[in-house]
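Throughout, a chain's letter reflects where its sequence line sits, starting with A, and its residues are numbered from 1.
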Protein chains: 2
Amino acid sequence: MFEIKYKDGAARSGVFEVNGKILETPYLFPVVNPKRQVLELKEIERLGFKGVITNSYIIYRDPGLRERALERGVHALIGFDGVVMTDSGSFQLYHYGSVEVSPSEIVRFQDNINVDIGVILDIPTPPDAGYERAQRELEETVRRAEEAAQLDRNMLLAGTVQGSTYPELRERAASRIARLNFDVHAIGGVVPLMEDYRFAELARVILHAKRGLGHSKPVHLFGAGHPVVFALAALLGCDLFDSAAYALYARDGRYITPGGTFKLEELRELPCSCEVCAEHSVKELRSLEAEEQERLLAKHNLISCLEEIKRVRQAIYEGSLWELVAQRARAHPALLEALRVLRGYSSWLERLEPVTKRSAFFYTGAESLSWPAVVRHIERLSWIERRGDELVFLPEREKPYSRSYRIASSERYHICVVSPVFGVIPLEVEETYPLTQHEGVATLDEEQLSFMRRVVGEYARGFKKVHYHAELEFLGIDGEPFEDVSQFHTGGGEELKLRALADYQLGRGAGEVLFAGARAEYSRRTGRIRRAFVGGELVATIRASDGMVVPTIAGAERLLRLRYPRCRVVVAEEAVEFAKAGKSVFARFVVDCDPEIRAMQEVVVVDESDELLATGTALLSAEEMLELERGIAVKPRHRRR
Amino acid sequence: MFEIKYKDGAARSGVFEVNGKILETPYLFPVVNPKRQVLELKEIERLGFKGVITNSYIIYRDPGLRERALERGVHALIGFDGVVMTDSGSFQLYHYGSVEVSPSEIVRFQDNINVDIGVILDIPTPPDAGYERAQRELEETVRRAEEAAQLDRNMLLAGTVQGSTYPELRERAASRIARLNFDVHAIGGVVPLMEDYRFAELARVILHAKRGLGHSKPVHLFGAGHPVVFALAALLGCDLFDSAAYALYARDGRYITPGGTFKLEELRELPCSCEVCAEHSVKELRSLEAEEQERLLAKHNLISCLEEIKRVRQAIYEGSLWELVAQRARAHPALLEALRVLRGYSSWLERLEPVTKRSAFFYTGAESLSWPAVVRHIERLSWIERRGDELVFLPEREKPYSRSYRIASSERYHICVVSPVFGVIPLEVEETYPLTQHEGVATLDEEQLSFMRRVVGEYARGFKKVHYHAELEFLGIDGEPFEDVSQFHTGGGEELKLRALADYQLGRGAGEVLFAGARAEYSRRTGRIRRAFVGGELVATIRASDGMVVPTIAGAERLLRLRYPRCRVVVAEEAVEFAKAGKSVFARFVVDCDPEIRAMQEVVVVDESDELLATGTALLSAEEMLELERGIAVKPRHRRR
């Protein structure tokens, strides 16, 4: 069973429980060759791997191996107690055109040798295959998947998405595979894309497969074994990887790093601190006998892969995976191209992006301007109820802006800072993550300038009058320049700020139902709003760390005036008592929810009659909590008195 | 003595010989506290460090330490046989406002305790100090430097550049320090810039100091101990670093990576493979007693610093340091800002940038367009003798372009590819590094579009007619669109191509003297020009790997028709016989040279009467070969028959 613990982008970090054994995801399966294994399994285990993948077809075809496997099981055969996944001969099918086993026979064989996770025998269509062929082979793969799904078995089973480089085929295949209730979803036929550095196409294939597959099962990107691609693939929602590369590259004398691969003779130093590199100089490695060199390189390569997987997991946990991908994108322009291609998928990505994270948003270049955090901000600008006839644009200052300028928006003046990262930041919402929690650059590039001009121009529409600070002259804003900011200081604006915050975070109209007539209580230390009252009743607190509006039960009651299912997570009857008691809401009990809910957002928990039960923080986005069968959907905060 | 072996950007990788002990540069000195050392010196040595830095003032002030140091020397005192550098109390001066020792006394003391490299007692002016104060303190530092430079001593001595955040003061101070013949040049007073992530200002300080310091001595960036900054500082020409950060951060429970620092409680996993991280989980580290945790964190931190230094050295060797800096710039926007600030220094950087490298040029974002390789290309476009009245612009295709299009420039049509990375690439020179050896992206950003428009517009000036391929419509080129490329195929153009190559690589007019009337011999395998003959005599070969024109002795004779000192390296009388015998030309024998010579360029070696001696490859740029006292300036190729 698969459970999501942390999210960033479309990435998930969690646990995949396989026959009582736990794999932390994203997880990398080292590929083990049952005939000739360069690294001992004990060694692989010692390095920290809890699961490996081997090839059931090779075992099936070798009478000796086959007999031993059937007798003692695959774990004893290879000498590994952890999770053993097996491939089914697709690789051989791809390379030799045929295999001598039927699709259902090899699935049965995997089950018979006590494999933990088996794979169907799919047809791997190469990139750029004719559309007809891709479609035909895909049909056959789906047919085999349907057949395999019906077999009695003890093991978990993976169904594979094919479709060559045709996005629509990938998406269609994925939806059909998703219906068959496999335990793992696999994306196949992508190794040639990775070998040829066609990362943009790889990204497209993953994205379209993911759209069809949904969120409930772990997704295995077959053959992704080089660390250069882990961060990107994880960002797009891949959970499992397998690496034969560590061994294959070692045989060629190639040294793997997350920044690329080197031939041993291209290296003057070993830029790594693993046990191999700490104990050997590059000179020593070069002068070793072939077999020993291969073994040591394989060990280094595998450690390097593991290190990157750990880095990816840590980045998901802290919410810095986009920034890690941006770093990796500088290892090769083909990875940067892939990052640029994501622009076309920002609305899908936005649906999965958490609204608040442990780490700040870092601008990393032109691509950052189309990341979900920015796209979401631009969208949400239109959620804020318009007040003030006159719009005032200020240049960036130290954050928080309202304190640097000692000013706030009022009924007359709507005051915004023009930001090279977020376009326009209304002062009312500036404390919301990531508007305060971001770092940009002072020297702007043309992409930023044109982005600022576009957002500013669109935002100014509909205001009676536009004022802009003279320092913003370079943006060519249609309005009146000024130098003295203090003229826009009118005071008031407290309720207006609260309402804007709620609109921006919880959707159109949330401000009115939650904060109409509200008054604020300020923190003595920071001078920022801490709590909001309506008619003497506390309706919400504003979290200091990320500016999030956290409604109380009284606030939640007010939010329920918004039309169903706004702001709501609806739990099934059997979970009502738990929710009432202030326990976590598990995803499998969520029967409906506001489709606009994003991970880390504050939500209202109700029963199926729309009765308020509790409030809490969503740990999953709307579509994930509807689809997942395991894990927490809402972490409780307040329960109804 | 300092010797450069490999170059990239303004970075140098080489060896610094100190009392017979060798430090490979860039080198990092771990800071050792003579009173309380968290990591044993044996441990530091085992990790691979050949030199450490400690504080002579602390030793001086402690009667016990002082006595032992004077008796047995500093090496015995701290228990380390390698290079021992000492600081002189500037740190204490900065923090406590005064020290109880005179500037010359502490220099003498360092010498008396057998320090390998001492440092003068400079006045560290903080960033943003008043100009007056910065100037006054700087004067005092220079006075002390002059005084110290005159003292008799056995040890090597470092003179420090101050000047706060005033570029002109830094540059002036540097020129004055440079005159005093210190063994090491240090840049001081920058720790607060690093602590506050003011990397753009740090870059400016380094660049201006370097301009004043010249190239002959290793440059120590004082207090630069975090790996986040090593690649950038090395790129700008810093050779030596010291790290107290590894220990200071450890005391605070902070975990260093080249991507940034983490508090131990922010980590869920240890994204590293060093001996500490391989043997401990983050949970274990957290639960250790304070002292043991500090020791293990210090070890990890120091290994992480060392790993990055190795990565930087490897990047200089292979010529990928710019790309590494671009990766690191995505660890924090303040580093990206520093990278953007380099735009203003591209002509200084260009003078030090090698013309060919082991690795390809990777486009990494808007900043790449102002890297020296691109700036140089734009400049050199104007070096090519204009032929052809009509200019033809083609869109990018697979490289080599002339083969994809099956076309070449001719007397009538000058054919160029419009490149989003290099602007305009005339087919004649496309094989020259890095024009063929570069990777870009297919999805362009606004910065690239405006760059292409600008370069294309400027290049088109002066042509009678401009044709552009219809696919280039989006650039708004002033000319005639076309779709059929074959109309521009006229044949011929062999001499024209050779002449353009020589102009582009060796400067204006080189094509005429070297290749007037030349005919080419082609490689049967690649179809590319391999050798060029004039009147039956071989004058040059074209290197397959990077398209470089390599003149023969006959070719060199022709190049000498260019006005002195074009293309020449002039050696002193005493080295003439060595050069004639086909031996390397050492930098200390270079008396003059063409100021346009760049590292890795082909040059002609002559004596002081301008008699041809040999040809070879410059390993240093012009200004370096004139300034350096050690190392090879020209690697020999052909000697005069």
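Interface residue B:T443: backbone and side-chain heavy atoms are both found under 4.5 Å from chain A. Looking at A:I309, there are no atoms closer than 4.5 Å to chain B (heavy atoms on both sides), in backbone or side chain. In this structure, chain B has no heavy atom under 4.5 Å from any part of A:E308. Heavy-atom distances place the side chain of B:A366, and not its backbone, under 4.5 Å from chain A. Both the backbone and the side chain of A:E439 come within contact range of chain B, each with at least one heavy atom under 4.5 Å from a heavy atom of that chain. Of the atoms belonging to A:A329, not a single heavy atom falls under 4.5 Å from chain B. A:F451 does not touch chain B: none of its heavy atoms, backbone or side chain, sits under 4.5 Å away. Looking at B:E318, only its side chain comes within 4.5 Å of chain A, counting heavy atoms on both sides. Using a 4.5 Å cut-off between heavy atoms, B:L339 does not touch chain A at all. For A:H438, no part lies under 4.5 angstrom from a heavy atom of chain B. For chain A, no part of B:L449 is nearby; none of its heavy atoms comes within less than 4.5 Å.
Aromatic ring pairs are classed by plane angle as parallel below 30°, tilted from 30° to 60° and perpendicular above 60°; the pair A:Y317 and A:Y6 is perpendicular. Ring planes of B:H332 and B:Y197: tilted class, angle from 30 to 60°. Using cut-offs of 30° and 60° on the angle between ring planes, the pair B:F361 and B:F422 is tilted. The aromatic rings of A:H300 and A:Y255 lie parallel to each other, their planes meeting at an angle below 30°, with 60° marking the opposite boundary.
Shortest non-hydrogen contact noted between B:P333 and A:G440 is CB-O, 3.3 Å. Heavy atoms only, all atoms of each residue included: B:A331 and A:F362 are closest at O-CE1, 3.2 Å.
B:S273 and A:E307 are linked by a side-chain donor-acceptor pair at a separation below 3.5 angstrom, with hydrogens and angles left out of the test. Inspection of the B:T165 and B:E201 side chains reveals no N or O donor paired with an N or O acceptor under 3.5 Å.
Ranked by heavy-atom pairs under 4.5 Å with chain B, the first of A:S368, A:A200, A:C272, A:G365 is A:C272. Per-residue heavy-atom pair counts under 4.5 Å with chain A were compared for B:L267, B:L270, B:L306, B:V312, and the maximum is reached by B:L267. Comparing B:E275, B:E266, B:R313 by heavy-atom pairs within less than 4.5 Å of chain A, the highest count is held by B:R313. When B:T257, B:D445, B:L324 are compared by the number of non-hydrogen pairs under 4.5 Å with chain A, B:D445 comes out ahead. In terms of non-hydrogen atom pairs under 4.5 Å with chain A, the most contact-rich of B:K310, B:Q448, B:E337 is B:E337. Counting heavy-atom pairs closer than 4.5 Å to chain A, the top-ranked of the candidates B:Q314, B:E367, B:R343 is B:Q314.
With respect to the salt-bridge test (charged N to carboxylate O, under 4.0 angstrom), the residues A:E24 and A:K5 do not qualify. Salt-bridge annotation for A:E43 and A:R46: present, with a side-chain N of the basic residue lying under 4.0 Å from a carboxylate O of the acidic one. Using a cut-off of 4.0 Å between Lys/Arg side-chain N and Asp/Glu carboxylate O, B:E265 and A:R358 are scored as not salt-bridged.
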